[in-house]
Undergrad: 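First the structure, then my questions, so here it is.
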Amino acid sequence: MVYRWLFFGRKNVRTLRIITFLCQNVGTVRIVLPQVENVRLLDRLSSRKAAVGTLYLTATHVIFVENGSETRKETWVLHSQISSIEKQATTATGCPLLIRCKNFQVIQLVIPQERDCHDVYISLIRLARPVKYEELYCFSFNPKLDKEEREKGWKLVNLSEEYNRMGIPNSYWQISDVNREYGVCDSYPTEVYVPKSATAHIIVGSSKFRSRRRFPALSYYCKDNNASICRSSQPLSGFSARCLEDEQMLQAIRKANPGSDFIYVVDTRPKLNAMANRAAGKGYENEDNYSNIKFQFIGIENIHVMRNSLQKMLEVCEMKSPSMSDFLWGLENSGWLKHIKAIMDAGIFIAKVLIEKDWVSFGHKFNHRYGNLDGDPKEISPVIDQFIECVWQLMEQFPCAFEFNERFLIHIQHHIYSCQFGNFLCNSQKERRELKIQERTYSLWAHLWKNRADYLNPLYRPDHRQIWGTLHPQMAPCNFLYKFWSGMYNRFEKGLHPRQSVTDYLMAVKEETQQLEEELAVLGERLANLQKLQLNGNKVKSKQQDRSKELALSASSNSLANTPQEYSNDLKSFPSRSPSQGDEEDSALILTQDNLKSSDPDLSANSDQESGVEDLSCRSPSAGGCLPSEDSGKDSDEAVCLAV
Amino acid sequence: MEFAELIKTPRADNVVLHRPFEPAVEGTLCLTGHHLIFSSRRQDNAEELWLLHSNIDSIEKRFVGSLGTIVIKCKDLRIIQLDIPGMEECLNIASSIEALSTLDSVTLMYPFFYRPMFEIVEDGWSAFLPEKEFEFLNALTDEWRLTYINKDFSICPSYPPVVTVPKSIDDETLQKVAVFRHGGRFPVLSYYHKKNGMVMMRTSQPLTGTNGKRCKDDEKLINSTLGPGRRGYIIDTRSLSAAQQARAKGGGFEVEVYYPQWRRIHKSVERFNILQESLIKLVEACNDQSHNMDRWLSKLEASNWLTHVKEILTAGCLAAQCIDREDASVLVHGTEGTDSTLQITSLAQIILDPDCRTIRGFESLIVREWLQAGHPFQQRCAQSAYSNSKQKWEAPVFLLFLDCVWQMLHQFPCSFEFNEHFLVTLFEHAYASQFGTFLGNNENERSKLKLPQKTMSLWSWVNQPEELKNFKNPLFEANSLVIWPSVAPQSLQLWEGVFLRWNRPSKFLDEAQEEMRKIISDNRVLQEKLWDNSYFLSPFDWLPKEAVSYKLRSALCFCPIAG
C-alpha cells in the first residue's frame, strides 16, 4: 500500500500511455470524438474549484484527466454506471454536460464547443445503453485468472452449501428436481427446496396458480425451532378463484413445522395495491380458502414509487449548497427514509414471527425486495439499493454484529451496476446458464474475497450472537435511528464525509498488534537464548524499522484531504489570495482513505505499481479495475463494435 | 433558610421508578437539601439514583386515585417518572422538589455545600491563569501586553481583571475605547496564530448610534494591530440589517472609512430566545414516540437546531479561514460580545490550534473564551429544554458550541484527545453541578461569591488521572494540521449522545466503544511488553526507562551507530 502510494506520480505517466493505447483501439468502436481538450470538471461543493483537463471516451469508460502539473488526477466512469446524461443550455464558458451514475456519482463537465459536447453526448447515449449482454464490460473484463481460479471464484458462494448450513435437507424439507430444465418456473433455480410432503403434482398445480409460476419455496430455515421463511409470487386468485394444489402446498409448509398450528402469509404490498390487482386476475390469498393461515399486509410501496422516491432523494443530494432546511425538507419529501423504515419494519416483523416459532410464507416479490441479489438491476432498481441500505442501518445500530464494514456494502452496490462481474446479470439462473456466464465472466465474490482485509469491521465480535442472541432492532421510538447515508448517496463528495476513518485506523492498529505479537515472540526467544549463552551487548535486530514505518502510515493515512469549503461568499470581495490556494502544506500529509484501498472500484488503476509499466493486463485484476486487458480487447472486438 | 423547612416529606417507601429502556424498579425515595435519592430495595441488584435538584428543569404531577405520579424532566434532558403512593406524600414531595430546584440564591446551591471525597492534586481554580497563558504568547511576539486596567472590574464588569491588548495602546486609551464599546468590552486578544502571526480579537458592538459617532482611540487600537499593507476582517455576527437597526438603540457597527484596512463581513448567528425555542422544539421532537418517519424529519427541520449548528460552525470556519488562508487578522463581535462572538472565536481556535483539541487545551479554551470572557452561564443555563419560563436571557449558547465541537469530533474522530463523553459532561455541569466552575455570570460575580475559596473547581475533579481516563479518546493521534470541517447539511448530524441519550438503547453502542478501547489497549500493552524486552537487550540500558519514549528508544536501539 505504501509502495503504491509513493509511486503515485509514476502511475499517472503510465496511465496516460494506456489511454493512448485505448484510444487507438477505440478506432473500431467508431466513437465520433474520442478525445476533447480543455474540458472543465466542476466541483460540486465549490464552483471555484473546477479542474481543467482532457476527456477521453473509450469503449468501456469515460475518462477525465486533469491537466495539473504533478498529480494528474483521473476520473474514470464505466459506461454501464451511467444512468442519465443531460446536455444543458450553452453558457458563455461552454456547453455543460451532466452525467449521473447509478453509483450516485454526478459528473458535471463543461465542454468548450457545443458541437463537441453534442458528439460526446450522442456517443455516450449509445455507449451507456448496450443492446446485447455481450456488450457488457464483464464479457471483456479479464483479471488474468486461469480457468481454475475463475471456477473457484464462482464456487465461493454455493447455494446448496448455504442450505446445508441451515440444516436442509432434513426430515421435513428436501430438494425437488421438479424445476429441472426450468420446466415449471424459468425464474427459479433448478434446485428448489420444498416440504417433503409436497408432491410434484402439488408443486406444479400450485405454480399454475401463481404469478410467473413462482410457487412457494424455502428461503430461510431456522434449525433451532424449525421455523422457516418461504417465498412466492402473488396468487392468481382474482375475485374468487382458488386452487386446491396451492392450498395443499401451504398446508404442506405448515406441516413441515410440527410445532406450529398456523402460518403467517405476509403480503409486502399496501392492501390497496393488492386489492386492485384482483381486477387483473391476481390478488392475495383468501383466508377462508386456506386453513390455518394468518394474513398480513406490510405496505411496502411498489418499485415505481420507490424509484421516484430515490430520484427525489438524489435531487436533494445534488443541490448546490442547500440550507439545512432545504436538505431536511427534501429528505422528508422524498419519503426515502420512510420506505427504508417500512422495509425494516417488515423484516423485524418477520424476524419476530420467526423467533415466536411460527411459520411464514411470503406474499409476492419479497425475494426481489429483500435479498435475492440475482435480479436485473434495471427491473428491480432501487430495491437492491434499499436492501443494502437496510443492512447499513442495521450496522449503525449494531456496530459489533457484522463482520464486514460500510465499504463492503458500497462496493457491492457499485458492482451491481458496473457489470464488470457476471453475478448480477440476467433475470434468472436459466438465462445465466444460457449465456454461460460462469465460463465467460468472473465472479465478484472472488474479487471481494481477495481484498477481504479491506472489508473487515474491526469491531466485529464473533461472539456477538452468543452474548446478545439475534439482533433486535429498535421498533419503538426508532424514527431517528434511521439516518441519511451520505457515505452512499454522496459517496463521491469526499469533502462531506468524516475525514478520518475509524475503521481504517482500528484495522491498522489491529494489524500492528499482530506484528507486535510476532516480534515479541522473536524477542522472547532471543532473550532466552541470550540468557542461556550469558552474552552481553549483543544487538538485536528485528522488524522495528518496518514497524515505525507502519505507524507513520497509520497516522498519516488517517488524515484526509482537507481544505476549507466555501464558508462565505463575502470573502470574494476582498482582493486577496483565493482560499483554495496554498493547500500544499495540508495536503502533504493528506490522503483520502478510500484512495489507499486497492479494492476501491473507483480507482482507475493502481495497486500493482510494482509490476511493469507495459503490462496492461495485470492492472485490472487487483484494481477492481476498470480497464479491459489486451486479450479481452481482441476477444471482444465484436462486442465493442458499436454503431453510433 | 433551612432546607428542612422546604422538605415536609423527607422519605417515601414503595415508590416505583420508571425510565425508558429499563424495567420499573420499586424502592425508597429520599429528599435532601440538594438531592433526590432513589434507592431500590432489591437485594440482587440494589441501585441508587442521585439527582441534583438543580438538575430538575420541570416537574409534573398527576393522580390516579391515591396513587400519585411525578414526572421529572431534567436539564440534561432525561425524563423519569416516580409513582408515589399517598396523595399527601406525593404533593409534599412535588412541592419540595419544585422549591428546591428553583432556589433564588446562588450561595444556597450545592457547590457551596459539596465536600469532595478526592484529594486535590491540582487546584482547577488556578490551573489556567492569564499570566501563564501570556508567557507562551510573549515567547512568540512582543507586540502584546497584559493590562490590569480592569482589576477592580470598573472598566468592564464582564471582563476578567487581566486581559491582553496591543502593546502600543496605553491604559488611558483603553479607558476611552471602553466607553465606545457596548458594556465596556474593548477589543482584546483572543488568539495568536503562530504560523503567520495573524490574530483574532473580540469585542462588542461600537456605540455609534444614529448619528454615526466615531472614536479615534478605538480606530487607533484596531488599526494598530495590523502592520502596514496588512488587511483584516471584522466578522459581525449579526445580519447587516440587524446591525443597522442596532444604531437606533445606540449600538452600531464599524464604518469602513474609519477602519480602512478592515473589511466587514456579516455572518448572522441567532441569539437568545430563538435558540431556546429551537432547543425546546428539538427535544420535543426527540421525545415524540410516534412511529411516523415524516413527522420526525419535519419536526427536526422545524426545530432549526441543525440550522443554528450550521450557521455557527460556518462562522467559526470563516474566521479560521481568514486567518489561516487569507493571512488576515480578524475582529469578531455581535452586540454584547458574550455569546455568538465567543462561539466563533472558540470554534476558530479549535480548527486552527491543535492544542485546543487536547483535554488540557480545551479546558483552557473554555476558561479563557467562555468563563473569563464573561459568557453569562448562570443566566443562559438557568433552564433547559423543558422550561416554561421563557426568559429572554435563557439560551443554549454553550450547548450549541459543544454541538459544533462534537460535529468536528465526528468528522475528525482521531484528532481530538477527548471523547464525546467529555463534551456531554461539560454540558451537564454547565446546567447543574456540584462544582462552582459554571456559577455566576462573569469573573466579577465569581470573585464576589468567593467561588475559588468556597467551592471546588470542575477541573480539579476532571484532571485526576483516574477520572481523566474516562474522557480520553482512544483513537487520538496528535495532529498538527488545521482541520476544516464540512458544513454541508449531509455532514451535520443530530448529536445523539445528548439529544437521544435517554431515548435509545445504548448497550450496542457502548459495546462498540468498549471494543474500540480494547483494540487500542491490547496494542499498548504489547508495545509496553516489547519495550520492556528490548530494554534488556538494548545497549542503552543505562537510560532510565522513563526518559525516552518507546518509539525513540527503538529508534536508538536500531540505528547503525548504536553499536
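Proteins come first, then strands; the chains are lettered A, B, ... in the order of their sequence lines, and each starts at number 1.
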Undergrad: Considering non-hydrogen atoms only, spot the tightest contact between Ser323(A) and Lys310(B) and give its length.
TA: CA-CE, 4.3 Å
Undergrad: Can you name the closest pair of heavy atoms from Pro399(A) and Phe508(B) and give their distance?
TA: CD-O, 3.6 Å
Undergrad: Pick whichever of Thr307(B), Asn287(B), Asp522(B), Val309(B) has the most heavy-atom pairs under 4.5 Å with chain A.
TA: Thr307(B)
Undergrad: Where is the tightest heavy-atom contact between Ile519(B) and Pro458(A), given as atom of each residue plus distance?
TA: CD1-O, 3.3 Å
Undergrad: Using a cut-off of 6.0 Å, state whether more than 12 heavy atoms not belonging to Glu256(B) lie near its atom CD.
TA: yes
Undergrad: If every non-hydrogen atom of Leu509(B) is compared with every non-hydrogen atom of Glu396(A), which pair is closest and at what distance?
TA: CD2-O, 3.9 Å
Undergrad: Applying side-chain contact (heavy atoms from CB on, under 4.5 Å) to Leu475(B) and Leu506(A), what does each step give before you reach the verdict?
TA: CA-CA 8 Å; Leu475(B) 306 176; Leu506(A) 289 175; 3.6 Å; yes
Undergrad: Calculate, to the nearest 0.5 Å, the distance between atoms CD and CG belonging to Gln500(A) and Leu409(B) respectively.
TA: 10.0 Å
Undergrad: side-chain contact (heavy atoms from CB on, under 4.5 Å) with Tyr505(A): which of Pro474(B), Pro413(B), Cys414(B)?
TA: Cys414(B)
Undergrad: Take atom CZ of Arg524(B) as the centre, draw a 6.0 Å sphere, and report whether it contains more than 12 heavy atoms from other residues, nucleotides or ligands.
TA: no
Undergrad: Side-chain contact, heavy-atom cut-off 4.5 Å: Arg504(B) with Gln397(A)?
TA: no
Undergrad: Measure the CG-CD distance between Leu459(A) and Gln513(B) for me, rounded to the nearest 0.5 Å.
TA: 8.5 Å
Undergrad: Non-hydrogen atoms of chain B under 4.5 Å away: do they reach the side chain of Thr513(A), the backbone, both or neither?
TA: both
Undergrad: Counting only heavy atoms closer than 4.5 Å, note whether Glu311(B) contacts chain A via side chain, backbone, both or neither.
TA: neither
Undergrad: Considering only heavy atoms from C-beta outward, does the side chain of Lys518(B) approach that of Arg461(A) to under 4.5 Å?
TA: no
Undergrad: Which heavy atom in Glu515(B) sits nearest to a heavy atom in Cys400(A), and how many Å separate them?
TA: CB-SG, 4.4 Å
Undergrad: For Ser325(A), which atoms come within 4.5 Å of any heavy atom of chain B: side chain, backbone, both, or neither?
TA: both
Undergrad: List the atom of Pro489(B), the atom of Met324(A), and the distance in Å for their closest heavy-atom pair.
TA: O-CE, 3.7 Å
Undergrad: What distance do Phe484(A) atom CZ and Leu492(B) atom CG have between them, rounded to the nearest 0.5 Å?
TA: 12.0 Å
Undergrad: Which one of His410(B), Glu514(B), Met516(B) has the most heavy-atom pairs closer than 4.5 Å to chain A?
TA: Met516(B)
Undergrad: I need the Lys529(B) NZ to Glu517(A) CD distance, nearest 0.5 Å.
TA: 8.5 Å
Undergrad: Between atom CG of Leu496(A) and atom CD of Gln411(B), what is the distance when rounded to the nearest 0.5 Å?
TA: 9.0 Å
Undergrad: In terms of heavy-atom contacts, does CD of Glu525(A) have more than 12 from other residues, nucleotides or ligands at under 6.0 Å?
TA: no
Undergrad: Say whether, by atom type as modelled, one donor and one acceptor occur between the side chain of Glu301(B) and the main chain of Trp329(A) under 3.5 angstrom.
TA: no
Undergrad: Please report the interatomic distance CD(Gln515(A)) to CG(Asn523(B)), rounded to the nearest 0.5 Å.
TA: 10.0 Å
Undergrad: Sort Asn304(B) into side chain, backbone, both or neither according to what part of it lies under 4.5 angstrom from a heavy atom of chain A.
TA: side chain
